[in-house]
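Naming convention: chains lettered A, B, ... in sequence-line order (proteins, then strands); numbering from 1 in each chain. For the numbers below, each heavy atom of this structure counts, side chains included, while hydrogens, waters and symmetry mates do not.
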2 protein chains.
Amino acid sequence: MVDLKSGQALSLWQKSMLEQVRGSDPDLTVRQLAILLTVYLDPPPHTVRGLASHLNVTKPVITRALDTMGIMGLVARRRDERDRRNVLIQRTVKGSEYLERLGDLVVEQAREIG
Amino acid sequence: MVDLKSGQALSLWQKSMLEQVRGSDPDLTVRQLAILLTVYLDPPPHTVRGLASHLNVTKPVITRALDTMGIMGLVARRRDERDRRNVLIQRTVKGSEYLERLGDLVVEQAREIG
DNA sequence: TTACACTGTTTCACAACCGAAACATTTGAG
DNA sequence: CTCAAATGTTTCGGTTGTGAAACAGTGTAA
């Protein structure tokens, strides 16, 4: 299924990056995208601390990325009622749609290579 | 060979993004990465004008990205002697190595999925 | 030669991101 | 109750990227 040569991998990345750059949507940074993907693909719960550790970045990086993507409607925050120090990061409909489009886009580009 | 499901595509992206973010190398922006990949994968010659048109961004974006990546040693600039208005963007050994690593990294993550 | 068209670059004011450190809130242990 | 530990956020100073517009250098055609 997924047997990728190095050259094909780079070509896939180029095509996908180009699609994202050319589009009118505001670009997400690489870090923001990594956070978004982790929130949607890894099992919850997701906390600021956990994401920071997982990505090997500082906590403020996560807070700021959540601010930005929160405004865009791609993720939501909620306090953990069991331990009110924690903030739980949650998925949104808009975020799901965004990633669905991204996935389809990559698949599309992959098909053009094979 | 390359038959990617949407979920697999997103998982591949997540893993690759995480590898890039976690690394100590300074992150390239999505735009910078798109430029770098285009210079190395599409046939030369590459000009500022051409890249700007290809990525659908303004010329200063290309100039600045080339400044940054030039300092990093990932690309080089040279004036076109046939038409000295043009600047030709050239590959470097360091840039080749950088993309080689990126390609291997994506292939590696793809293998873990299949 | 003179005027114009075309390159890539620089400038401007502004917004976004960064790491480190200080901060407020909440929890839990003594 | 009190104080230390843990959470996420905000502030600080500095760096980098942005679009629009002005810019300098080069080619081209009248």
Side-chain angles (χ1 to χ4, degrees), chain A residues 17-18 20-39 44-91, chain B residues 17-18 20-39 44-91:
Chain A
M17 289 285 178
L18 282 178
Q20 205 197 338
V21 168
R22 285 200 269 241
S24 52
D25 305 331
D27 296 353
L28 294 182
T29 67
V30 175
R31 289 176 168 193
Q32 288 167 344
L33 204 39
I35 293 170
L36 193 62
L37 284 162
T38 297
V39 169
H46 297 285
T47 63
V48 173
R49 186 98 184 144
L51 289 171
S53 162
H54 194 238
L55 301 209
N56 192 34
V57 297
T58 60
K59 285 186 296 175
V61 167
I62 304 296
T63 295
R64 286 185 291 250
L66 293 179
D67 288 344
T68 302
M69 294 193 292
I71 292 174
M72 296 183 194
L74 300 179
V75 295
R77 271 188 274 210
R78 210 192 48 184
R79 279 229 108 77
D80 180 355
E81 291 303 333
R82 296 169 182 273
D83 182 341
R84 295 183 49 75
R85 286 175 302 184
N86 290 327
V87 164
L88 302 178
I89 292 89
Q90 302 184 300
R91 305 165 187 172
Chain B
M17 288 285 179
L18 281 178
Q20 206 199 337
V21 168
R22 285 201 270 240
S24 52
D25 304 332
D27 296 353
L28 295 181
T29 66
V30 174
R31 288 177 168 193
Q32 288 167 343
L33 204 40
I35 293 171
L36 192 63
L37 284 161
T38 297
V39 168
H46 296 286
T47 63
V48 173
R49 185 95 181 152
L51 289 171
S53 161
H54 194 237
L55 302 209
N56 192 33
V57 297
T58 60
K59 284 187 295 175
V61 167
I62 304 296
T63 294
R64 287 186 292 248
L66 293 179
D67 289 343
T68 301
M69 294 193 291
I71 291 174
M72 297 184 194
L74 300 179
V75 296
R77 272 189 273 210
R78 210 191 49 185
R79 279 229 105 79
D80 180 355
E81 291 304 333
R82 296 169 183 273
D83 183 343
R84 295 183 48 76
R85 288 174 301 183
N86 291 328
V87 164
L88 304 178
I89 292 89
Q90 302 184 300
R91 305 165 187 171

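- Applying the side chain to side chain contact (heavy atoms under 4.5 Å, CB included) rule to B:Met72 yields the partners B:Leu28, B:Thr68, B:Leu74; only residues at least two apart in sequence or on another chain are considered.
- Remark: B:Arg84 engages B:Glu81 in a salt bridge (charged side-chain N to carboxylate O under 4.0 Å, His left out) (not counting sequence neighbours).
- Side-chain atoms of A:Thr63 and A:Asp67, non-hydrogen and from C-beta on, do get closer than 4.5 Å to each other.
- The footprint of chain A on DNA chain D, defined by a heavy-atom cutoff below 4.0 Å, extends from D:dA6 to D:dT11.
- Applying the side chain to side chain contact (heavy atoms under 4.5 Å, CB included) test to B:Ala65 and every residue at least two apart in sequence or in another chain returns B:Gln32, B:Ile35, B:Met69.
- Applying the salt bridge (charged side-chain N to carboxylate O under 4.0 Å, His left out) test to pairs two or more places apart or on separate chains, those with a residue in residues 30-39 of chain B are A:Asp27-B:Arg31.
- Between the side chain of B:Thr38 and the backbone N or O of B:Ala34 there is at least one donor-acceptor pair closer than 3.5 Å.
- Proximity of A:Val21 to B:Asn56: side-chain heavy atoms (C-beta onward) are nowhere separated by under 4.5 Å.
- With sequence neighbours left out, A:Arg78 forms a side chain to side chain contact (heavy atoms under 4.5 Å, CB included) with A:Leu88, A:Gln90.
- Of the residues in residues 47-61 of chain B, those with a non-hydrogen atom less than 4.0 angstrom from any atom of DNA chain D are B:Thr58, B:Pro60, B:Val61.
- With contacts defined as side-chain heavy-atom distances shorter than 4.5 Å, the pair B:Thr29/A:Thr29 does not qualify.
- Along DNA chain C, the stretch of nucleotides lying under 4.0 Å from any heavy atom of chain B spans, 5' to 3', C:dC6 to C:dT11.
- Under the side chain to side chain contact (heavy atoms under 4.5 Å, CB included) criterion, A:Thr58 pairs with A:Pro60, A:Val61, not counting sequence neighbours.
- Of the residues in residues 62-83 of chain A, A:Arg64, A:Thr68, A:Asp83 come within less than 4.0 Å of DNA chain C through at least one heavy atom, sorted by number.
- For A:Asp83, the salt bridge (charged side-chain N to carboxylate O under 4.0 Å, His left out) partners two or more places apart in sequence, or in a different chain, are A:Arg85.
- Scanning for salt bridge (charged side-chain N to carboxylate O under 4.0 Å, His left out) contacts around A:Arg91 gives an empty result, with sequence neighbours left out.
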